[in-house]
Amino acid sequence: TLSPPVTDEETEAASGMDPFEDTLRRLRESFRAGRTRPAEFRVTQLKGLGRFLQENKQLLQEALARDLRKGVFESEVSEFSISQGEINLALRNLKAWMKDEKAAKNLATQLDSAFIRKEPYGLVLIIAPWNYPLNLILVPLVGALAAGNCVVLKPSEISQSTGKVLVEVLPRYLDQSCFAVVLGGPEEAGQLLEHKFDYIFFTGSPRVGKIVMAAAAKHLTPVTLELGGKNPCYVDDDCDPQTVANRVAFFRYFNAGQTCVAPDYVLCSPEMQERLVPALQGAITRFYGEDPRGSPDLGRIISDKHFQRLQGLLGCGRVAVGGQSDGSDRYIAPTVLVDVQETEPVMQEEIFGPILPIVNVRSLDEAIDFINRREKPLALYAFSNSRQVVQQVLQRTSSGGFCGNDGFMHLTLASLPFGGVGASGMGSYHGKFSFDTFSHHRACLLRRPGLEKIYSIRYPPYSLRNLRV
Ligand code: NAD
């Protein structure tokens, strides 16, 4: 019988010739040589990443506009400033994050030194989606390189223009013996995943997340999975409908709804719905004008395939606001759907577009029940003037993150871990959480060589007298 490959080289050889082999070997060798370990190296790379963002802002902005018709404001707040903020935070804290953490000791280890060392895993693979094509590749990269790893980045093939800048320009700002950007879709990603990595960080759909996790399992590679799902948004009767409508509309239609943490659907009473629909209409008109198609602030759907899928969802329930679409420029109007049944397609899959269904519930209990009989979402929102109501939703449900009385503001804080739970993912990142995610926490105890007299009381023949029971 053939024994499975055990070393990295054997694993490579077993997978035959493929386009990634040389790159991966180069990166592994650099890691083994210890290139990425010194703090100075990490600082240089982080600064290079910052320069990449600053010196190519125009180029990147144009690419984002071509991919998603992402405007300057949305690019600034959701792509550039978040990425730069993470770089700055890592630069400020790197030395402190890298420090050994002292650990508490017991009687038997009083004379030793016990600590947790944050050690790089080695060769890390980061796979990213298309919806925030800069942010979702650069923010994990900050954590991976701050932690001292070598990294392969695989941007999405769907956000083509941004992917092209990443593959052609980014490597010039990083040490190419330690970092590489590779392009490709499912087939190339599949080939890449046959290789052994020391850590895989994946952002994307739950469907592909399962494929990635299965591939990682073959090598026992640990993973972080940043996935998606349907994020509920409970709106209590006791709240100001216009304030809620402004906030929900802003976060639902940002990036044309293509946000993993966007409020996916509203749960409210029929009475609240009656007040909320005109308020949402008002917010949409104020934000994007009478004809949102002409607004420079509304993005477009990423591809024809995604456009067609979303157009299909416009047939669910009854259109209360918007509903227009035009395939020629992949435009979908900010839309509100009412009279939506739980069994309809729009309530089965993550919407990922500018469509907001409202589902009626008669009470808070019914809303919580509705949420809890579905997969655990990435984010959950509750709007109410009553703190108790918000607290109840928080206490009686589970989700990756939670925000009371607003949309996805929680993820703007690098002091909070960002990640899913259950079907919305596993693991988390942002700020120091990223550094920790990409570090192995090595348990270390250093004992001096002498004092054998003291330590020999533990050896056989055993004496119960020496046990402190
Ligand atoms: P996707 O899962 O289709 O693709 C993500 C990445 O996986 C891409 O780079 C793609 O090339 C690659 N991929 C596709 N098929 C593959 C395969 N068979 N094997 C290996 N890799 C493969 O996701 P998407 O359409 O790019 O993004 C949308 C999804 O991502 C949504 O579900 C959304 O909720 C989720 N998302 C999650 C977060 C988060 O932070 N949790 C952020 C953004 C998007």
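All residue numbers in this chain count up from 1 along the given sequence. Each ligand, and each atom within it, is numbered from 1 in the order the structure gives. Just so we're clear, the structure is a prediction, and the values are computed from it rather than from any experiment.
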For this session: Return yes when Ile158 approaches ligand 1 closer than 4.0 angstrom through a heavy atom, no otherwise.
Result: no

Problem set entry | Tyr132 to ligand 1, any heavy atom closer than 4.0 Å | no

Exercise. Which pairs pass ring pair (Phe, Tyr, Trp, His ring centres under 6.0 Å) with one or both residues in residues 331-355, sequence neighbours excluded?
Worked result: Trp130-Phe352

For this session: Could you see which bit of Thr203 sits under 4.0 Å from ligand 1, with heavy atoms only: side chain, backbone, both or neither?
Result: both

Problem set entry | atom 31 (C) of ligand 1: the protein heavy-atom neighbour that sits closest, reported with distance to 0.1 Å | Glu350 OE1, 3.4 Å

For this session: Tell me which part of Ala128 gets within contact of ligand 1: side chain, backbone, both or neither, using heavy atoms under 4.0 Å.
Result: backbone

Problem set entry | Min N/O separation Leu227 to ligand 1 under 3.5 Å | yes

Exercise. What orientation do His195 and Phe20 show, parallel under 30°, tilted 30 to 60°, or perpendicular over 60°?
Worked result: perpendicular

Exercise. Considering only the protein, which heavy-atom contact is closest to atom 18 (N) of ligand 1, and what is its distance?
Worked result: Ile211 CD1, 3.6 Å

For this session: For Ser295 and Gly289, indicate whether the former's side chain and the latter's backbone hold a donor-acceptor pair under 3.5 Å.
Result: no

Problem set entry | Nitrogen or oxygen of Gly204 less than 3.5 angstrom from that of ligand 1 | yes

For this session: Report the part of Phe352 in contact with ligand 1, treating N, CA, C, O as backbone and CB onward as side chain, heavy atoms under 4.0 Å; options are side chain, backbone, both, neither.
Result: side chain

For this session: Check whether the ring centres of Tyr429 and Phe201 lie less than 6.0 Å apart, and answer yes or no.
Result: yes

Problem set entry | Within reach of ligand 1, part of Asn131 (heavy-atom separation under 4.0 Å) | side chain

Exercise. When you measure from the centre of the six-membered ring of Phe80, is the NZ or CZ of Lys57 under 6.0 Å away and within 45° of the axis?
Worked result: yes

Exercise. Got the closest protein heavy atom to atom 22 (C) of ligand 1, with its distance?
Worked result: Val208 CG1, 3.4 Å

For this session: Tell me which protein heavy atom sits closest to atom 2 (O) of ligand 1, plus the residue, atom name and distance to 0.1 Å.
Result: Ser205 OG, 2.6 Å

Exercise. Can any side-chain N or O of Lys230 pair as donor or acceptor with the backbone N or O of Glu349 at less than 3.5 Å?
Worked result: yes

Problem set entry | Any residue meeting salt bridge (Lys or Arg N to Asp or Glu O under 4.0 Å) with Glu86, in chain and number order, not counting sequence neighbours | none

Exercise. Do any N/O atoms on Lys154 end up under 3.5 angstrom from N/O atoms on ligand 1?
Worked result: yes

Exercise. Within a strict 4.5 Å, meaning less than it, do heavy atoms of the Thr224 and Ser428 side chains meet?
Worked result: no

Exercise. Can the ring centroids of Tyr199 and Phe438 be said to lie less than 6.0 angstrom from one another?
Worked result: yes

Exercise. Under 4.0 Å from atom 4 (O) of ligand 1, is there any protein heavy atom?
Worked result: no

For this session: With heavy atoms only and a cut-off of under 4.0 Å, state how Leu378 meets ligand 1: side chain, backbone, both or neither.
Result: side chain

